[in-house]
Asker: 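Structure below; questions to follow.
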Amino acid sequence: MPTSSASTTDSARPAASGGVQSLERAFDLLERMADAGGEVGLSELSASSGLPLPTIHRLMRTLVACGYVRQQTNRRYALGPRLIRLGESASRLLGTWARPYLARLVEETGETANMALLDGDEVVYVAQVPSKHSMRMFTEVGRRVLPHCTGVGKALLAGFPPEEVRALLARTGMPAATDRTLTTPEDFLGALEDVRRRGYAVDDNEQEIGVRCLAVPVPDSPTAAAISISGPAGRVTDAATERIVPVLRQVAAELSEVLTASGAGPAA
């Protein structure tokens, strides 16, 4: 079948950023699918993206052929399994890039340093550098937790609209990990307001009794990310918090520069 001139122009025309427009549109559709929970219909994609249905259909057909999207029996489209390998590889690299910055956090604060991402409705830890203290916190890289009981979860969700936070909490529930865990949406939204006001999040014995965590978001990160320190409540005191938070903010700003740079990677 001959290709229409409109189709050829659409797929080959350079985008405003200097890239190829069809590639930008394809990745935008994948992002929109992820935001919608991983499965959508063409009409939903058209409504959210503003693209005409024929354009979306053509892009999705290509993504299906490449294995990045699959068409369900109900004619809706879902993110494909081939994306898993890309995501896992990117996550490992992200942890590698972050580790020198987390090591600096450990040197300057004395406590275990972590980096976490928001993946769907969960927080996943992608990097950690442990404290040198004999009594220290340890979280396995790759561990997934619900965001309502963690400092990184609060830091990650503080920038989200309240209605999106409520929807997430409705999907996950708010089980209590300790008697200090926030278990109502109103309490959690109040905590997020505190995060926005102070500029950092606190997990005060909410995930594990005896443990305090301080966290800040990584500004302008391509995907929602946060870094934190965690340690015994007896060491991570209010006085220690005043000293640690400026260090967290500085390291988050430097890590942001690495993640947002073109061809991001650690400086030599």
Side-chain angles (χ1 to χ4, degrees), residues 34-39 91 105 109 111-128 130-131 135-219 221 223-242 244-245 248-249 252:
D35 291 342
E39 181 179 317
S91 179
L105 266 180
T109 69
E111 304 300 343
T112 295
N114 314 281
M115 183 177 186
L117 306 179
L118 189 63
D119 184 20
D121 291 343
E122 298 177 316
V123 170
V124 57
Y125 289 92
V126 296
Q128 181 180 83
S131 165
M135 182 181 292
R136 61 193 179 194
M137 304 304 106
F138 179 79
T139 298
E140 183 181 359
V141 171
R143 182 187 178 197
R144 292 174 175 270
V145 295
L146 297 181
H148 72 282
C149 59
T150 65
V152 285
K154 292 175 186 173
L156 288 164
L157 292 180
F160 282 55
E163 60 273 17
E164 291 187 22
V165 176
R166 285 185 182 276
L168 182 151
L169 297 175
R171 291 190 297 269
T172 64
M174 299 183 70
T178 75
D179 60 6
R180 301 286 295 274
T181 304
L182 303 179
T183 56
T184 69
E186 288 71 26
D187 286 344
F188 189 71
L189 288 169
L192 296 189
E193 184 58 39
D194 289 339
V195 174
R196 289 187 286 270
R197 176 176 51 82
R198 293 183 306 210
Y200 66 94
V202 180
D203 159 13
D204 188 5
N205 295 269
E206 295 162 50
Q207 188 179 37
E208 186 175 345
I209 291 296
V211 177
R212 292 191 87 217
C213 172
L214 307 173
V216 298
V218 178
S221 174
T223 186
I227 59 172
S228 68
I229 64 92
S230 54
R235 286 205 305 259
V236 186
T237 60
D238 290 342
T241 297
E242 293 184 11
I244 291 170
V245 167
L248 269 171
R249 288 175 174 157

Asker: If you take all heavy atoms of V202 and L214, which pair is closest and at what distance?
Answerer: CG2-CD2, 3.9 Å

Asker: Is there a side-chain contact between F188 and L157 (heavy atoms, below 4.5 Å)?
Answerer: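 With C-beta onward as the side chain, the pair touches.
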
Asker: Report the distance from atom CD of E206 to atom SG of C149, rounding to the nearest 0.5 Å.
Answerer: 8.0 Å

Asker: Testing the basics here: between P175 and T181, what is the closest heavy-atom pair and its distance to 0.1 Å?
Answerer: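 Of all heavy-atom pairs spanning P175 and T181, the closest is O-CG2, 3.7 Å.
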
Asker: About how many Å separate CG of L156 and OG of S221, when rounded to the nearest 0.5 Å?
Answerer: 9.0 Å

Asker: Can you tell me how far the CE atom of M115 sits from the CG atom of L105, to the nearest 0.5 Å?
Answerer: 11.5 Å

Asker: Provide the closest heavy-atom pair for G153 versus V123 in the form atom of the first, atom of the second, distance.
Answerer: CA-CG2, 3.8 Å

Asker: Considering all heavy atoms of both residues, which atom of A215 and which atom of V152 are nearest to each other, and what is their separation?
Answerer: CB-N, 3.7 Å

Asker: Do R180 side-chain atoms and I209 backbone N/O form a donor-acceptor pair below 3.5 Å?
Answerer: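 Between the backbone of I209 and the side chain of R180 there is no qualifying donor-acceptor contact (under 3.5 Å).
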
Asker: Any chance you could lay out the salt bridge (charged side-chain N to carboxylate O under 4.0 Å, His left out) test for E186 and R166, step after step, and finish with the verdict?
Answerer: CA-CA 9 Å; E186 288 71 26; R166 285 185 182 276; 3.3 Å; yes

Asker: Would you tell me whether S228 and N114 have side-chain atoms, one donor and one acceptor, within less than 3.5 Å of each other?
Answerer: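 Indeed, the side chains of S228 and N114 share at least one donor-acceptor pair under 3.5 Å.
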
Asker: Kindly determine whether Y200 and I244 satisfy side-chain contact (heavy atoms from CB on, under 4.5 Å), including the steps that lead there.
Answerer: CA-CA 11 Å; Y200 66 94; I244 291 170; over 6 Å; no

Asker: Between T183 and M174, is there a donor-acceptor pair closer than 3.5 Å when you use the side chain of the first and the backbone of the second?
Answerer: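 No, because the side chain of T183 does not come within donor-acceptor range (under 3.5 Å) of the backbone of M174.
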
Asker: Return the set of residues passing side-chain hydrogen bond (donor to acceptor under 3.5 Å, both in side chains) with R198 (not counting sequence neighbours), or none when no residue passes.
Answerer: none

Asker: Please test T184 against L169 for side-chain contact (heavy atoms from CB on, under 4.5 Å), starting from the C-alpha separation and ending with a verdict.
Answerer: CA-CA 9 Å; T184 69; L169 297 175; over 6 Å; no

Asker: Who passes salt bridge (Lys or Arg N to Asp or Glu O under 4.0 Å) against D238, sequence neighbours left out?
Answerer: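 Counting only residues at least two positions away or on another chain, D238 forms a salt bridge (Lys or Arg N to Asp or Glu O under 4.0 Å) with R212.
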
Asker: So E111 and P232, do their side chains get closer than 4.5 Å, heavy atoms only?
Answerer: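 Sidechains of E111 and P232: in contact.
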
Asker: Please determine whether side-chain contact (heavy atoms from CB on, under 4.5 Å) holds for the pair L168 and F160, giving the CA-CA distance in whole Å, both sets of side-chain angles, and the decisive distance to 0.1 Å.
Answerer: CA-CA 11 Å; L168 182 151; F160 282 55; over 6 Å; no

Asker: Could you pull out the closest heavy-atom pair between T237 and G234, with the gap in Å?
Answerer: CG2-O, 3.3 Å

Asker: Excluding sequence neighbours, so at least two apart, what forms side-chain hydrogen bond (donor to acceptor under 3.5 Å, both in side chains) with D119?
Answerer: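 For D119, the residues satisfying side-chain hydrogen bond (donor to acceptor under 3.5 Å, both in side chains) (neighbours in sequence not counted) are R144.
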
Asker: Rounded to the nearest 0.5 Å, what separates atom CG in L146 from atom CG in D121?
Answerer: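 Result: 8.5 Å between the selected atoms.
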
Asker: Is K154 reaching over with its side chain to a backbone N or O of D203, donor-acceptor style, under 3.5 angstrom?
Answerer: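 It does not hold such a pair.
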
Asker: Tell me the closest heavy-atom pair linking A191 and L182, and the distance in Å.
Answerer: CB-CD1, 3.7 Å

